[in-house]
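The chains referred to below are lettered A, B, ... by the order of the sequence lines, with proteins before strands, and numbering in each begins at 1. Hydrogens, waters and symmetry mates are skipped; everything else that's a heavy atom, side chains included, is used. These numbers were taken from a predicted model, which means no experiment stands behind them.
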Number of protein chains: 2
Amino acid sequence: MRIAVVGAGAVGQAVVELAEPYGHTVTAVADSSAGVVDADGLDAEAVLDRKRTEGTVGPQTLDAVLDSEYDALVEATPTTVGDAQPAFEHVRTALGRDRDVVLANKGPVAQRYDDVRGMERDSDGAVRFEATVGGAIPVFSTIEDIGAENVTAVRGVLNGTANFILSRMTAEGVAYEHALAEAQDIGVAEADPTFDVDGTDAALKCAILANVLTDTTYTLDAVEMMGIRDIPASALELAQQGGSTIRLIGEVDESGVRVRPRLVDEHGTLAVSGTQNIVQVETTHAGRVNISGRGAGGHETATAIMSDLRQLEY
Amino acid sequence: MRIAVVGAGAVGQAVVELAEPYGHTVTAVADSSAGVVDADGLDAEAVLDRKRTEGTVGPQTLDAVLDSEYDALVEATPTTVGDAQPAFEHVRTALGRDRDVVLANKGPVAQRYDDVRGMERDSDGAVRFEATVGGAIPVFSTIEDIGAENVTAVRGVLNGTANFILSRMTAEGVAYEHALAEAQDIGVAEADPTFDVDGTDAALKCAILANVLTDTTYTLDAVEMMGIRDIPASALELAQQGGSTIRLIGEVDESGVRVRPRLVDEHGTLAVSGTQNIVQVETTHAGRVNISGRGAGGHETATAIMSDLRQLEY
C-alpha cells in the first residue's frame with residue numbers, strides 16, 4: 001500500500017523504516033513542523049537521515065502530506081486527550097477522502113470513538129488501531145478472532161513504564177522516586193512521567209478496549225483511575241511476604257472500566273516484569289487467553305501498524 | 001456459512017452446538033458410521049441428542065454428507081498419520097468442489113502439506129487449520145498477523161495431557177505411572193495415551209508449524225522426538241531444587257524441528273500448569289510474543305474453528 005505517515009517520533013520513524021520490507025511504499029511523511037511528499041515513493045533512509053541531522057523530514061507542509069496520494073494514513077502523532085486534536089482532524093480528512101486510517105495515536109478512539117465510527121460508516125475507508133494497546137501484542141486482532149460478542153472481560157498490564165517502576169521497587173526494595181529516576185535515566189520513563197504513573201495511558205487503553213467490547217461509548221472520564229505514585233516500598237515488601245506483588249492493572253468487565261494497583265500472585269500470569277505488557281481475554285466458550293510481549297517501543301509498535309496494513313489489504 | 005461437519009466426537013459435537021450462536025448453519029453432519037443432511041439447516045439439539053441416545057447422528061451416509069450443499073467442510077475426524085486418510089480424501093473432495101475446508105484433524109497439514117496446498121491452489125476454496133495447534137490459542141492467526149516471514153522461531157507446550165502429567169508429578173512428587181493413572185481417571189488422558197506421552201501429538205503440531213514457517217515440507221518423520229515416559233519423579237525433584245521444572249517443549253527454529261523434555265524456569269513463562277498450552281513466537285522486529293490458554297477440549301477447539309469460519313467469510 002502507499003502510506004502517508006503523520007508524526008515522526010520513534011513510532012513514525014520505525015514505520016518509515018519497516019514499510020518497504022513489509023511490502024509498502026511510503027509516499028509522504030510529516031513531523032510537527034514540516035512534510036515531504038513523493039508519489040513514486042520516498043527514500044526511507046534519506047527521510048530518516050534528514051530528520052536526524054536537520055530535525056525535520058523535508059521542505060513541504062503537513063497540508064501537502066494530508067492532500068497527497070496515499071492508500072492509508074498512519075497517524076503517529078503524540079496522543080492528546082480532550083477533543084483528541086489534531087489527530088481527529090487527520091482521521092476526518094483521510095476518511096473524507098475514502099482512505100484507510102491506521103492509528104498509533106490513542107486519542108481519536110479513546111475520546112471520540114463514536115465520531116470515528118460514524119465517519120468510517122460514511123467512508124469507503126476503514127480505521128484500525130492495533131498499535132494503540134499493548135505494543136507488539138495482537139490484542140484487537142485476537143478479540144476480532146474470538147468475536148467481541150464472545151469476550152466477557154479484558155484485563156492486564158497495559159503500561160510498561162509503570163510496570164518497570166513496580167518491578168524495580170520489588171526487586172531492589174527501593175522507593176518510587178528512586179525507581180522512577182532509574183527509569184528516566186535509561187529512557188523507559190519520560191521527563192514528565194505523569195501519563196504513565198498516574199494511570200492515564202492505561203486508562204486511555206482501557207477506554208479503547210471498552211469501546212470495542214461494549215455498545216456504550218467510553219472516554220477517559222468514564223474510567224476509574226488510580227496510579228502508582230503513592231505506593232510505598234513497604235507495601236511491595238509486605239505483598240512479597242505473602243507471595244504476592246503489586247501491578248497496575250487495567251480492567252474492562254461487566255461492572256465497569258478501571259485502572260488501579262492490584263495485588264497479584266508474584267509468580268502468576270499477570271506479574272510480568274520490566275516493560276512487558278500482558279492482556280488476559282476472558283471468553284464465553286474457551287476460558288482465558290493470555291497474550292504477553294513488548295508493550296512499547298518504536299519497532300514493536302510499528303509491527304502492529306504493519307499488521308493493520310496487512311488486514312486492510314485483504 | 002453453511003457448514004458440513006465430518007466427525008462427531010467432542011470437537012465435532014461442539015461445532016454443531018456453537019455454529020448457530022456464531023451465525024452459521026449446519027447443513028450436514030457425519031460420524032464414523034452414518035450421516036444426516038438438511039439443506040435448510042439441521043436442528044443441532046436433535047442431532048446431538050440422537051448421537052447421545054442412539055450412538056449415531058442420523059439415517060444417511062458419509063457420502064451423502066460429502067455430496068451435500070455446504071460452503072465449508074469442517075474435518076473433525078480423529079487424526080491419523082501416514083497418508084492422513086480418510087481426512088485427506090475429505091479435503092480433496094471439498095476443494096475439488098471449490099468449497100472451503102476447516103481442519104481440526106492434524107493429519108492432512110502435518111503429513112501432506114504440499115498436497116493440500118497444491119489442491120488449494122487449483123480450487124476456489126481455501127484451507128484453514130487454527131484448531132490443529134493450541135486449542136483455543138490463536139496461534140496461526142497471530143503468525144499471519146506478524147507475517148510468517150517475520151517469525152524466526154516458535155516453541156511451546158503443545159500437549160495438555162503430557163503437561164498435566166508433568167505438573168502432577170512435580171506437585172505431588174509421584175511417579176509417571178501414578179500421574180498417568182490420575183489423568184486417565186479424570187479424562188485428561190486417553191486409555192491409550194501413546195500419542196500424547198510419546199510426543200507424537202506435539203510433533204504433529206510442530207510439523208504443521210514448520211510447514212507454515214518454512215519452505216520445506218515437514219512430516220512427522222522429520223521431527224526429532226522424545227516423550228515423557230522415562231522421566232523419573234527424582235528428575236523433577238532435582239529440577240525443582242535448582243528453581244527449574246521439566247516441560248515437554250516443541251520447537252521449530254533454524255536448526256530444526258523437535259519435541260523433547262526440557263528444563264525450564266519453574267516460574268517462567270513456559271512453565272504453564274495443568275492442561276494449559278503456551279506458544280512463544282520469536283519475531284524479527286518485535287521480540288517475543290507469548291500466547292497461552294486452554295490447549296484442548298471440545299468447545300475450546302470449536303472456537304478456533306469458528307475463528308477460521310469468520311476469516312473465510314471475509
S.K.: What part of A/Gln280 is in contact with chain B, defined as an atom under 4.5 angstrom from a non-hydrogen atom: side chain, backbone, both or neither?
M.R.: neither
S.K.: Hey, does the side chain of A/Thr303 reach the backbone of B/His285 with a donor-acceptor pair shorter than 3.5 angstrom?
M.R.: no
S.K.: Does CD belonging to B/Glu20 count more than 12 external heavy atoms closer than 6.0 Å?
M.R.: no
S.K.: Pick one of side chain, backbone, both or neither for B/Asn150, based on which atoms fall under 4.5 Å of a heavy atom in chain A.
M.R.: side chain
S.K.: Applying salt bridge (charged side-chain N to carboxylate O under 4.0 Å, His left out), which residue pairs with at least one partner in residues 294-307 of chain B are found, sequence neighbours left out?
M.R.: B/Arg294-B/Glu300
S.K.: Students often mix this up, so state it plainly: with edges at 30° and 60°, are the rings of A/His267 and B/His267 parallel, tilted or perpendicular?
M.R.: parallel
S.K.: Give, as side chain, backbone, both or neither, the part of B/Arg310 having an atom under 4.5 angstrom from any heavy atom of chain A.
M.R.: side chain
S.K.: Rounded at 0.5 Å granularity, tell me how far CD1 in B/Ile291 sits from OG1 in A/Thr142.
M.R.: 6.5 Å
S.K.: A/Gly293, A/Ala136, A/Pro138, A/Gly287: which one forms the most heavy-atom pairs within less than 4.5 Å of chain B?
M.R.: A/Gly287
S.K.: Highest number of heavy-atom pairs under 4.5 Å with chain B: which of A/Ala271, A/Ala304, A/Gly297, A/Ser292?
M.R.: A/Ser292
S.K.: Among residues at least two apart in sequence or on other chains, which ones pass salt bridge (Lys or Arg N to Asp or Glu O under 4.0 Å) with B/Arg168?
M.R.: B/Glu172, B/Glu182
S.K.: Does the side chain of B/Ile146 come within less than 4.5 Å of A/Met306's, by heavy atoms?
M.R.: no
S.K.: When heavy-atom pairs shorter than 4.5 Å are enumerated against chain B, which of A/Thr301, A/Asp145, A/Val289 gives the highest number?
M.R.: A/Asp145
S.K.: Atom CD in B/Gln276, atom CG in A/Asn290: separation rounded to 0.5 Å?
M.R.: 7.0 Å
S.K.: Where on A/Glu266 is there a heavy atom nearer than 4.5 Å to chain B: the side chain, the backbone, both, or neither?
M.R.: neither
S.K.: CD of A/Glu45: more than 12 outside heavy atoms within 6.0 angstrom?
M.R.: no
